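What follows is a short report on a single structure.
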Amino acid sequence: MVQYGGDEVAALVVDIGHSSVRAGYAGDDTPKAIIPTSYGYTYESPGNGQDVQMDDSAPPALKKKFHVGQSGPSIYRPGMEVGHPLTDGLITDFEPIQPLLDHAITKVLGCNPAEHPILVTEPAWNTPEDRERMAEIIFEQFNAPAFYIANTGVLNAFAAGKGNALVIDVGQNMASVTPVMDGFVLRKGLQYSPLAGTIHSRAHNLLLSPAQYRPQGIALFPHQLIKDKLSVEPGQQPIFSLREDRLPGVTESWRAWYEAREVDEWLQSVGGVLDSGWNDQLVQSRPPRQYEFPTGLNSMFGAERYFIGEQYFHNQQQQQVPQTARSLTALLSDSLRSYDVELRQVLVGNVVLTGGGSLLPGFADRLNTELSRTFQHVKIHAPGNPIERRYGGWLGGSILGSLGTFHQLWISKEEWQEHGKAIIAQRCK
Amino acid sequence: MTSVLSGPSVQHGSKLNVRDHDGLYGLIGPSAPSMVAQLRKPRQKEDGVTKWEWKKFSNSARKDSLRLCHWAKSNENSNAYQFSKYNKHPPEYSYNDEEYGRLLEDPEWTRDETDYLFSVVKNYDQRWHVIYDRYYYNSGRERTVEDLKDRFCHACRRLVKDRITDPEARKKALEPYQFDKDRELTRKRYLSNLDGRAPREIEEEEALFLEIKRLEQNERKFKRDREELLRTLAGIESGLPDIVEDELPLSLFDSSKNNKRKRGTADAESPISTPIPPSATLSALGTTKRTAPVNPKIPPEDPIQCIRHIELSPTTPATKAAHQPSFLRTFKLPNPKTSTHVRLVSTLQEVGLTYNRLVMPTEGNVALLHTAVDAATALIEHRKALEKVEADIAALKEKHGVEGDVASEMGMEEYGHGRSLSVATSARSARNKRGRSLSASSADTVPQQKRKR
């Protein structure tokens, strides 16, 4: 390993994204623990269960119980609410972070966090308060010997083997364009918007709204609520019955969670992007795709699947409603406008496409088309392996955390106790 | 590990040997089984297997006492962490109040802002794009990357010049801080101009470039055709002054010399039909004029850097290669044409010279040898011409039965071949001249050769 500059100290890498929390050992090629970031919680009277957290806002008689991991929000529990710690990529609710990380590290990885230095990722627009809070959790609650917080943009560039890159990260909620120079984020050109989340809600509306051959729209019931169903011909009304006993226990937040998941699965299964721009004839000529919902509804999707993908690049509603998320092309031009020709050329020649949202077929080709319109020498690095594309940030952290030269950058517990929060901004530039 | 692995394989081999030796191996026939060799017990190192241990280590690049663990060989006990040597920072410069007042005063910059700039530069290890990105100082002025870099480099240069007196060390210390702001700005302006071209302009530029290429090609073709035509019409090279051959191998000798040589050879082949070699050729008997050629391939700054391009004689072996590599002078001694080779060697031997060997091939000596060889070549050519003329005269005399030199000349005049007349007169004058300049021994050869005929 010496010849690659690697020296493994069994560091843990934790990457908190909108869709999932990834954790694993530095030096591995895939995270060993991938759990959903969404968490379920129920209120219990004290004395039941062990994984209990006190919640100050809740009445003292009830205890908030978190349900995290693969059997967290996806398991039906009567009266379970579902929450999400992130808003626009930033952690706004720190309460479930400890249970989430604890589940990933001690339950799934099965290791003791007190024995491993922990590398955590953050979005490029993270606030100093958030990263300090994160350090506090890692040092105080997990008792880790060392901690470091690294930027996902930089880590994605490292995962692609680049020091200079223009990282285009399309996640489940956010889309961001991060210029990286010599391993540092250039903040003046950083652009981000909740584009992916907006597109999800558009897809949601599209599926719910009545269409030509499904006058009632699509009922997005999850399989947890379906008692039985019959197979029907494509385009026919579904024949299914619900588990009536469970319906009263369904909370509004859980309903929103499962509907969003159904939409996400639909989008990832059938969604696509036209590689050369919107063209009605071209859309008609593309073959439709079949998708079956948990209710048994079985439908063909033609133009709709491209219509949704098109929103990433061409946001039709942008002119009317300025608050809506800027499209990827707008983000790109806003970002590159702040640099001179020379730097722009370097960035455009080192584009790194990453994030699960970019996995739609044709996405990379379309991005290439859009960039080539304005720039001459465009080169896009888009890993073909979906694991690498989804967890690029984690992978970069895995590379960084196993480098021999990196170990001088860890913030040790001793330094944390000595210098306090100031050391974070000083060390993690 | 190794012994455990090798255990079963040895057992397996012995089992094979004992039980199946006769039956199974007998079936194979005389061919030797190759497997036996592989079943030998693997050789082990004397000192056994090195153990790896999960060891704590301290990193000298760290300022605290954090001890992380990694896998290391148990017998290695080096204290220094092997990656700590990569912890390198560029040298830092700091200044005190006195130095700032004396060296670094600048109306554009305040002390505070300079301090801030130095701290940011130190923080980001002189990565200028990052420094510019993270530079937040409310001075009321918009600073560009060039402004920041110029200020920093200028300040550092001032400090280095003030502190380091040793010229060598100073030069070395100054090197990283060389920065020309105006040049950088010009470069960026050019770049943005280049980038700002409209697609139509780019197209136009490309079209113009192609047009130029095409015109050049046409012109070359036209020249070639014209020359070929003239050659065909005039029979031989026309000698028009404006026709210069396009593709000289690598014109180390200038074109006038080239023409001269060609005329000279043509002269030797058919002295009657060509004009008389101009007096320049005659002067070759003495010293050859070596005017410095204006060679477009020689960069103009070479004379300033004392790089001399030594022009080679036409008689040296010419290479067709476009590039003339460096060579020893002795390799490029004059090498005469094969047709006159034997005669040249003998002529030179008469004066005690060997044309291809010099004891001291200095530049002057080589030039002298060139002169000698050129002179000898010219001499031989003139002799040839002379012989031919004399033979003609003799033939005419025989034909007309006229005796005596005066009569022969008169006869020539009578028959009035204009061209041959002029040839004869000039040949005679050449002979007279040669008579004056040549040594007695070489002059003697003429009658000898005459006698041979």
Side-chain angles (χ1 to χ4, degrees), chain A residues 1-2 5-11 27 115-117 144-147 163-164 179-190 338-348 373-376 401-419 423 425-427 429, chain B residues 52 54-73 76 78 80-89 119-120 122-136 142 144-146 184-185 187-199 202:
Chain A
M1 281 308 278
V2 174
D7 186 24
E8 287 178 23
V9 296
E115 291 169 0
H116 304 273
F147 164 82
N164 305 329
V180 176
M181 257 310 173
D182 293 331
F184 289 94
V185 170
L186 298 187
R187 290 183 191 148
K188 283 172 185 161
L190 170 70
S338 37
Y339 299 111
D340 63 21
V341 186
E342 197 180 17
L343 208 53
R344 218 181 284 164
Q345 207 46 259
V346 170
L347 292 173
V348 163
R373 251 175 227 161
T374 352
F375 302 101
Q376 280 186 324
S402 60
L403 285 180
T405 44
F406 171 71
H407 301 319
Q408 68 181 72
L409 288 174
W410 290 109
I411 297 161
S412 67
K413 192 157 195 185
E414 184 190 330
E415 284 172 315
W416 170 254
Q417 281 158 354
E418 196 179 319
H419 302 281
I423 187 94
Q426 209 180 336
R427 194 65 62 80
K429 291 170 187 168
Chain B
W52 286 76
W54 185 245
K55 278 207 268 190
K56 284 197 168 184
F57 67 95
S58 59
N59 188 345
S60 61
R62 293 189 66 89
K63 292 186 186 96
D64 64 342
S65 64
L66 175 72
R67 281 165 72 82
L68 297 166
C69 299
H70 66 172
W71 288 106
K73 279 185 182 171
E76 271 177 14
S78 66
Y81 183 52
Q82 55 171 334
F83 292 104
S84 59
K85 66 182 174 199
Y86 296 112
N87 185 29
K88 288 266 161 64
H89 295 282
S119 76
V120 177
K122 183 186 168 229
N123 236 341
Y124 295 106
D125 283 346
Q126 297 190 23
R127 293 179 177 92
W128 288 103
H129 290 301
V130 183
I131 291 165
Y132 171 65
D133 191 68
R134 308 281 167 97
Y135 191 87
Y136 298 106
E142 190 72 21
T144 62
V145 196
E146 288 79 25
E184 183 71 8
L185 285 175
R187 190 181 70 84
K188 289 217 166 144
R189 208 171 49 240
Y190 279 147
L191 257 181
S192 60
N193 276 352
L194 207 62
D195 186 66
R197 289 176 304 173
I202 296 175

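Treat the numbers as computed from the prediction; the structure is a model and nothing was measured. Chain letters run A, B, ... following the sequence lines, proteins first, then strands; residues in each count from 1.
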Checklist entry - Between Gln376(A), Met181(A), Arg187(A), which shows the greatest number of heavy-atom pairs under 4.5 Å with chain B? => result Arg187(A)
Next on the checklist: Test your reading of the model: is there a side-chain donor-acceptor pair from Arg127(B) to the backbone of Gly183(A), 3.5 Å cut-off?
Outcome noted: no
Checklist entry - Looking just at side-chain N and O atoms, do Tyr81(B) and Asp7(A) make a donor-acceptor pair shorter than 3.5 Å? => result yes
Next on the checklist: Tell me the closest heavy-atom pair linking Pro117(A) and Leu68(B), and the distance in Å.
Outcome noted: CG-CD2, 3.6 Å
Item to check | Proximity breakdown for Ser65(B) and chain A, heavy-atom pairs closer than 4.5 Å | outcome: both
Next on the checklist: So that I can tick it off, tell me whether Arg187(B) and Glu342(A) are bridged by a salt bridge, with the cut-off set at under 4.0 angstrom between side-chain N and carboxylate O.
Outcome noted: yes
Checklist entry - Looking at Gly404(A) and Phe83(B), what are the two nearest heavy atoms and their distance? => result CA-CD1, 3.4 Å
Checklist entry - Between Pro145(A) and Arg67(B), is any pair of side-chain heavy atoms under 4.5 Å apart? => result no
Next on the checklist: Please classify the contact between Tyr339(A) and chain B as side chain, backbone, both or neither, with a heavy-atom cut-off of under 4.5 Å.
Outcome noted: side chain
Checklist entry - Looking at OH of Tyr135(B) and NZ of Lys188(A), how far apart are the two atoms once the value is rounded to the nearest 0.5 Å? => result 10.0 Å
Next on the checklist: Do Phe57(B) and Val9(A) have side chains that approach each other closer than 4.5 Å (heavy atoms only, starting at C-beta)?
Outcome noted: yes
Checklist entry - Side chains of Ser84(B) and Gln408(A): is there a donor and an acceptor less than 3.5 Å apart? => result no
Item to check | Val346(A) vs His129(B) side-chain heavy atoms within contact, under 4.5 Å | outcome: no
Item to check | Glu415(A) side, atom CD; Leu66(B) side, atom CG - distance, nearest 0.5 Å | outcome: 7.5 Å
Item to check | Atom group of Asp125(B) that falls short of 4.5 Å from chain A, counting heavy atoms | outcome: neither
Next on the checklist: Any non-hydrogen side-chain atom of Asp195(B) less than 4.5 Å from a side-chain atom of Arg344(A)?
Outcome noted: yes
Item to check | NZ (Lys188(B)) with more than 12 external heavy atoms under 6.0 Å | outcome: yes
Checklist entry - Roughly how far, to the nearest 0.5 Å, is CG of Asp340(A) from CD of Glu146(B)? => result 7.5 Å
Item to check | Part of Leu191(B) lying under 4.5 Å from any heavy atom of chain A | outcome: both
Next on the checklist: Counting neighbours of NZ on Lys56(B) that are heavy atoms of other residues, nucleotides or ligands and sit closer than 6.0 Å, is the number greater than 12?
Outcome noted: no
Checklist entry - Would you say Phe184(A) and Asp133(B) make side-chain contact, with heavy atoms under 4.5 Å? => result no
Item to check | Asp64(B)/His419(A) under side-chain contact (heavy atoms from CB on, under 4.5 Å): CA gap, chis, key distance, verdict | outcome: CA-CA 12 Å; Asp64(B) 64 342; His419(A) 302 281; over 6 Å; no
Next on the checklist: For Asn59(B), which atoms come within 4.5 Å of any heavy atom of chain A: side chain, backbone, both, or neither?
Outcome noted: side chain
Checklist entry - Just by distance, do the side chain of Lys429(A) and the backbone of Tyr124(B) share a donor-acceptor pair under 3.5 Å? => result no
Next on the checklist: Quick check on Leu343(A) against chain B: is it the side chain, the backbone, both or neither that has a heavy atom closer than 4.5 Å?
Outcome noted: side chain
Checklist entry - Are side-chain heavy atoms of His70(B) and Glu8(A) found at a separation under 4.5 Å? => result no
Item to check | Short N-O contact, Glu418(A) and Lys63(B), less than 4.0 angstrom | outcome: no
